[in-house]
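Since this is a predicted model, take the numbers as computed values, not measurements.
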Amino acid sequence: MRRLGLVQPIDLALHVPLRYEDETQLTPLAHAQVGSTLQFEAEVVASEVVFRGRRQWLLWVDDGQVRCALRFLHFFPSQQKAWPVGRRVRVRGELRRSARGHEMVHPQLRDPTEPLAQALTPVYPTTQELPQAYLRKAVAGALARAAIDEVLPPACWHALGLDAHWTLRRALNFLHQPPPDAPTEALQNRQHAAWQRLKAEEMLAQLIAQRRARAARQSQHAMALRASARQGLVQALMQQLPFALTDAQTRVLREIATDLARDVPMHRLLQGDVGCGKTVVAALAACVAIEAGAQCALMAPTEILARQHFVKLTQWLEPLLAARGQTVAWLIGAQGKAERRAMQAQVHTGQAALVVGTQALIQDDVQFARLGLVVVDEQHRFGVAQRLTLRQKTARGEQPHLLMMTATPIPRTLAMTLLSDLDISTIDTLPPGRTPVVTKVVEARRRHELMARLRAQLEAGRQAYWVCPLIEESEALDLRHATQVYQELAQALGQPLPGEGQPPSPHAGPVGLLHGRQTAGEKKAMMDAFVAGTLRVLVSTTVIEVGVDVPNASLMVIEHAERFGLSQLHQLRGRVGRGSAASVCVLLYEAPLGEVARARLQAMAQTHDGFVLAQTDLRLRGPGELLGSRQSGAGMLRFADAAADDALAQWAREQADWLLAEHPELATRHVQRWLGARAGYLDA
């Protein structure tokens, strides 16, 4: 129960069913459709244990018109004794057609003297150790005990146009125990009035909490970080860059600098498509902070991405910082003790003006001298508790400014509702000279054709990625894994394979292998060899999804592309097309394709616009994938849908402002009921 967050009666009351089963009526087998789930009563006419590949118990029943076989693959002697020949039984299950006629596999068996249910039977989200029967009893008890009084004034619900009949208690009672004649379609698609009440309450609590979090930040103190108008670090870095900023980058940098100059903490999300130039904007923001006497920390989700940032930022900033007696430090979990201690000392004394790293940045033994700016890259990959910990590494009660970056563009509707506590900056153009990537959708049986294209790319001096979703074989999923693909490509290109138990070497030939189970040293050696051009083909799992920048790579092959989400496919495609050569992304799929998978691959082939793809992903998968761990950590919407329930979102925005102005104590009670302590996560 605790694992599901079911601690208090209100938690159980808000643990609404996934679906419903109708146990209120009996259906004669003669009137039943094959494939339907039904309940009927019959007499046991035969019982036997048979061996058909495995030991099975067959129970034959007859309802007076039709015979049906009940098949059990797992059973106990006590069950056989409970249902002898001649006894009547109530059966519920899915009706199938087999060579023996009508059949059910593992149906429910009950005593027919039990009264029929008076309401639809709820089926709850649960875990293996928590039976439905126990959960139903716990929810029913919690509904009777929970304080589900009306917190908000009736005027709120009048503004929504919701019948006053639908109080929260009545709505919850209805959703947990709907009557037999309840409109099941409206219940399943969450359009019933009871659902509307629940979704409206939840969305309103979210908006109130976000507005309060934003107001609370406005009352906090942060260092005012102002860069010199002339001849400062920002200008020095811009002069040495081999490219000019785009208009979008310049606009976004101005927005960030304006925030940094204030003495209240910035809380800004920088979003932009793959390759739009977010890193250089972050570097320039770091220059503003450093010139103002503060330190900047940049946290990335993987060691590969952290190393890429460190190399690039060192290249840009080290010459400028050296003149000031400062440096760029970096911290990752795989560092040796001596190197780590040396880096920690630089961070603690303030010699390290910029610190790049992974979650190692938030360990207790990392102390900053004067942390003024926190940059979190790919923010949706971090839990909110991690981001909060990094923000709390400041002294003197000051809050650092926070800049979060994501290459998963968030549609406007979603941002207005779920991210209203953030200021959002968008880089909506790509730098000039970026070559469009041609995307091909190819069935896996045409794999041999890819080898010809791969050889042509290598002969032209280019490099290629080959991405696989798994490292090892899985009995459940027949996926080609990275090790197998590595061996196939190595053999095809004449490269000797490593001996038994030996890891692939980055110096053995043109093909390398990269995956998450390698040591930090092995990963670094592989990436260094690929960046240097020694390795020509990199077979990899999705650890190369973000941050890897090899302009000479012009071919990306993605195995089992149908199993990836749109944002992940878009990120992977962004690893090529970073140079001047024409680039191709091949999406290999296994037939047959499901409807959602087909829509994803078609969208990838039709557009390169990350915002269009994000809108498609929102429609296909919902907001959870776009917001990632922010959603689960911050108690985001469980019931409402920010995209589909736009009218509710508009109502919630208006009511949140009115309640905070006119009834702040009621607003507090409402948020406490829905979010409790999780409201604090919005600070992250």
Verdict with supporting geometry, T483 and Q487, side-chain contact (heavy atoms from CB on, under 4.5 Å): CA-CA 6 Å; T483 304; Q487 293 170 348; 3.8 Å; yes
Worked verdict on M1 versus L135 for side-chain contact (heavy atoms from CB on, under 4.5 Å): CA-CA 9 Å; M1 297 273 276; L135 196 49; 4.2 Å; yes
L588 to A444 - nearest heavy-atom pair and separation: CD2-CA, 3.9 Å
Minimum heavy-atom distance C156-Q655, with the two atoms named: SG-OE1, 3.4 Å
Donor-acceptor pair between R573 and T439 side chains, under 3.5 angstrom: yes
Check: M203 main-chain N/O paired with W674 side-chain donor or acceptor under 3.5 Å: no
For L587 against A561, the heavy-atom pair lying closest together: CB-CB, 3.7 Å
Beyond-backbone contact of L4 with L130, side-chain heavy atoms, under 4.5 angstrom: yes
S98 and R71 side chains, donor-acceptor separation under 3.5 Å: no
Contact check, side chains of L160 and L648, non-hydrogen atoms, under 4.5 Å: yes
Distance, nearest 0.5 Å, that separates OG1 of T27 from CD of Q33: 10.5 Å
W195 side, atom CH2; R190 side, atom CZ - distance, nearest 0.5 Å: 3.5 Å
Full working for salt bridge (Lys or Arg N to Asp or Glu O under 4.0 Å) between E41 and R110: CA-CA 9 Å; E41 291 183 0; R110 288 183 180 161; over 6 Å; no
Salt bridge (Lys or Arg N to Asp or Glu O under 4.0 Å) between R3 and E129, worked out: CA-CA 11 Å; R3 193 183 308 159; E129 299 84 1; 3.5 Å; yes
Backbone of V612 reached by a side-chain donor or acceptor of T616 within 3.5 Å: yes
Q132 (side chain) donor-acceptor with V123 (main chain) under 3.5 angstrom: no
Candidate pair F40 and H102, rule ring-ring contact (aromatic ring centres under 6.0 Å, His included), full reasoning: CA-CA 13 Å; F40 67 96; H102 286 306; 9.3 Å; no
Residue pair P17 / P122: nearest heavy atoms and the distance that separates them: CG-CB, 3.5 Å
H560 side-chain N/O to E562 backbone N/O, donor-acceptor pair under 3.5 Å: no
side-chain contact (heavy atoms from CB on, under 4.5 Å) between W157 and E201, worked out: CA-CA 10 Å; W157 310 114; E201 289 239 358; 3.5 Å; yes
Check: V467 and E559 side chains under 4.5 Å, non-hydrogen atoms: no
Heavy-atom side-chain contact between C68 and L95 under 4.5 Å: yes
R145 (side chain) donor-acceptor with G141 (main chain) under 3.5 angstrom: yes
Q118 atom CD: more than 12 heavy-atom contacts under 6.0 Å: no
Backbone N/O of R67 and side chain of D62: donor-acceptor pair under 3.5 Å: no
Donor-acceptor side-chain pairing of Q672 and R669 below 3.5 angstrom: no
Pair W57 and W83, ring centroids less than 6.0 Å apart: no
Gap between atom CG of L152 and atom NE2 of H663 - 0.5 Å precision: 9.5 Å
Distance-only side-chain donor-acceptor flag, Q206 / E202, under 3.5 Å: no
Value rounded to 0.5 Å, distance of CG in D149 from OG1 in T167: 10.5 Å
Heavy-atom check, side chain of H670 versus side chain of L204, under 4.5 Å: yes
Between F564 and H570, ring centroids under 6.0 Å: no
4.5 Å side-chain heavy-atom contact, V49 and L58: no
Student check: side-chain heavy atoms of Q196 and Q191 closer than 4.5 Å: yes
Closest non-hydrogen atom pair, L38 against A32: CD1-CB, 3.8 Å
E23 and its salt bridge (charged side-chain N to carboxylate O under 4.0 Å, His left out) partner, picked from R136, R92, R90: R92
L14 side, atom CG; Q8 side, atom CD - distance, nearest 0.5 Å: 10.5 Å
More than 12 heavy atoms of other groups within 6.0 Å of E185 CD: no
H515-Y486 side chain donor-acceptor pair, cut-off 3.5 Å: no
Test salt bridge (Lys or Arg N to Asp or Glu O under 4.0 Å) applied to D111 and R87, step by step: CA-CA 9 Å; D111 189 330; R87 184 175 178 186; 3.4 Å; yes
Gap separating the CD atom of Q39 from the CG atom of D22, nearest 0.5 angstrom: 8.0 Å
Exam field: side chain H15 to backbone V139, donor-acceptor pair closer than 3.5 Å: no
Derivation of the side-chain contact (heavy atoms from CB on, under 4.5 Å) call for F639 and V16: CA-CA 9 Å; F639 308 130; V16 296; 3.5 Å; yes
F72 and H106 aromatic ring geometry - parallel, tilted or perpendicular at 30°/60° bounds: perpendicular
Test item: L172 and L168 side chains (from C-beta on) under 4.5 Å apart, heavy atoms: yes
Side-chain (H176) to main-chain (A13) donor-acceptor, under 3.5 angstrom: yes
Under 3.5 Å donor-acceptor, Q79 side chain and F76 backbone: yes
Distance-only donor-acceptor check, side chains Q650 and E654, under 3.5 Å: yes
Ring geometry between W166 and F174 (parallel below 30°, tilted from 30 to 60°, perpendicular above 60°): perpendicular
Residue pair A182 / L187: nearest heavy atoms and the distance that separates them: CB-CD1, 4.0 Å
R673 (side chain) donor-acceptor with A147 (main chain) under 3.5 angstrom: yes
Intermediate values then yes/no, side chain to side chain donor-acceptor pair (under 3.5 Å), Q602 and Q606: CA-CA 6 Å; Q602 286 175 346; Q606 290 167 0; 5.1 Å; no
